[in-house]
Amino acid sequence: MIRTILTYPDPELKKKSAPVVVINDSIREVARDMAETMYDAPGVGLAAPQIGVHQRIIVIDVSGKDEAPDLIVAINPVIVHSEGEAYEEEGCLSVPGYAANVRRHARVVVKALDLEGNEQTWRADELLAIAFQHEIDHLDGILFVDHLSPLKRDLFKRRARRLAESSGDKP
Ligand code: NI
């Protein structure tokens, strides 16, 4: 089922998500819905709090347009190693219509459980490394705009406020 993606400044996006304790049918259903919602959007990643579920689950698919889908479902993901620097443009399904360059690590090693409860390890670089960092941030209530310099963040906030005012309260 395609779920509604919460958007900035929804306070639900600022909450920290709790670790998944048992991988049961309801967790599997959330993961399935997240993948469906991500592909429908379309986007390359989605974290559970973006659909209002505060559990540590992320889905990512960075396969190209002409490649076969390559879905990653990561439960309780942890970055166990990171190195290098990246400064790439990012967007977010929860911050529609806005993109900005963000400082990240260029390479990360991520450990997580899959839907069968098996521990998986990913050694990621390029877009996948950035996607892991971006989605894991969501589980801690952090949006990519929180990484911007104070000046850029301020401009973003003013722009968001202006957009909210021009779209709201009109007949
Ligand atoms: Ni995002």
Side-chain angles (χ1 to χ4, degrees), residues 1-65 67-82 88-100 102 104-105 107-147 160 164:
M1 193 179 80
I2 293 166
R3 309 270 194 116
T4 303
I5 299 174
L6 306 179
T7 54
Y8 177 92
D10 194 314
E12 294 297 308
L13 293 168
K14 301 289 285 177
K15 291 186 190 163
K16 230 174 133 83
S17 293
V20 172
V21 180
V22 185
I23 301 170
N24 54 21
D25 284 347
S26 88
I27 293 295
R28 278 185 281 269
E29 190 185 341
V30 168
R32 206 165 40 235
D33 286 355
M34 285 170 63
E36 208 180 320
T37 304
M38 172 184 74
Y39 287 125
D40 176 70
V44 298
L46 193 73
Q50 292 181 273
I51 59 164
V53 175
H54 292 90
Q55 304 244 40
R56 301 185 80 84
I57 310 167
I58 61 173
V59 295
I60 293 174
D61 188 339
V62 296
S63 62
K65 229 175 143 194
E67 295 170 331
D70 187 13
L71 177 65
I72 292 172
V73 178
I75 296 168
N76 301 341
V78 178
I79 295 170
V80 295
H81 181 75
S82 54
E88 297 293 329
E89 191 177 79
E90 292 183 30
C92 178
L93 295 174
S94 292
V95 190
Y98 186 76
V102 179
R104 300 280 189 191
H105 292 290
R107 291 171 295 281
V108 292
V109 179
V110 176
K111 282 189 192 289
L113 299 177
D114 64 19
L115 281 177
E116 279 72 51
N118 299 314
E119 192 178 275
Q120 302 282 346
T121 303
W122 290 271
R123 282 162 213 287
D125 61 3
E126 300 187 339
L127 180 56
L128 182 57
I130 288 165
F132 267 121
Q133 292 168 84
H134 178 119
E135 301 310 331
I136 291 170
D137 264 359
H138 274 299
L139 303 179
D140 293 316
I142 298 166
L143 298 177
F144 80 98
V145 292
D146 295 321
H147 289 289

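Across Gly141 and Asp146, no two heavy atoms sit closer than the pair O-OD2, 4.1 Å. Between Ala41 and Ile5, the shortest heavy-atom distance links the atoms CB-CD1, 4.3 Å. Closest heavy-atom contact between Leu93 and Pro42: CD2-O, 4.0 Å. For the pair Ala124 and Ala129, the tightest heavy-atom approach, listed with the atom from each and the gap, is O-CB, 3.5 Å. Taking each heavy atom of Arg28 and Ile23 in turn, the nearest pair found is NH1-O, 3.5 Å. Nearest heavy atoms, Ile51 versus Met34: CD1-CG, 3.7 Å.
Note that CG of Leu13 is 7.5 Å distant from OG1 of Thr7, once rounded to the nearest 0.5 Å. Atom CD in Gln133 sits 14.5 Å away from atom CZ in Phe144 (nearest 0.5 Å). Rounding to the nearest 0.5 angstrom, the gap separating the CG atom in Asp25 from the CD1 atom in Ile27 is 10.5 Å. Rounding to the nearest 0.5 angstrom, the gap separating the CG atom in Leu127 from the CD atom in Glu90 is 9.0 Å. Note that OG of Ser17 and CD1 of Ile136 are 12.0 Å apart. Values are rounded to the nearest 0.5 Å.
Looking at residues two or more places apart in sequence or on another chain, you find a ring-ring contact (aromatic ring centres under 6.0 Å, His included) between His138 and His134. Here Glu67 pairs with nothing under the salt bridge (Lys or Arg N to Asp or Glu O under 4.0 Å) rule; sequence neighbours left out. Residues forming a side chain to side chain donor-acceptor pair (under 3.5 Å) with Glu29 (at least two apart in sequence, or on another chain): none. Looking at residues two or more places apart in sequence or on another chain, you find no side-chain contact (heavy atoms from CB on, under 4.5 Å) involving Ala18. Scanning for side chain to side chain donor-acceptor pair (under 3.5 Å) contacts around Gln120 gives Asp114, with sequence neighbours left out. For Asn24, the side chain to side chain donor-acceptor pair (under 3.5 Å) test picks out Ser26, with sequence neighbours left out. Residues that satisfy the salt bridge (Lys or Arg N to Asp or Glu O under 4.0 Å) test with Arg123, not counting sequence neighbours, are absent from this structure. Taking the side chain to side chain donor-acceptor pair (under 3.5 Å) definition, one finds that Thr121 meets it with Lys111, sequence neighbours left out.
Residues Phe132 and Ile58 are in side-chain contact: their nearest non-hydrogen atoms beyond the backbone lie under 4.5 Å apart.
Every pair passing salt bridge (charged side-chain N to carboxylate O under 4.0 Å, His left out) that includes a residue from residues 128-138 is listed here, sequence neighbours excluded: Arg104-Asp137. Screening residues 49-59 for side chain to side chain donor-acceptor pair (under 3.5 Å) gives Gln50-Ser94, Arg56-Asp140 as the qualifying pairs, with residues at least two apart or on separate chains. Counting only residues at least two apart or in different chains, side chain to side chain donor-acceptor pair (under 3.5 Å) contacts with residues 33-46 comprise Arg3-Asp33, Tyr39-Asp61.
No more than 12 heavy atoms of other residues, nucleotides or ligands lie within 6.0 Å of CD in Glu126, so this atom counts as exposed by the packing criterion.
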Donor-acceptor contacts, no H, no angles, side chain residues 69-81, under 3.5 Å, sequence neighbours left out:
unit_1, atom_1, unit_2, atom_2, d
Asn76, OD1, Val20, N, 2.8
Asn76, ND2, Val20, O, 3.0
His81, NE2, Glu83, OE1, 3.2

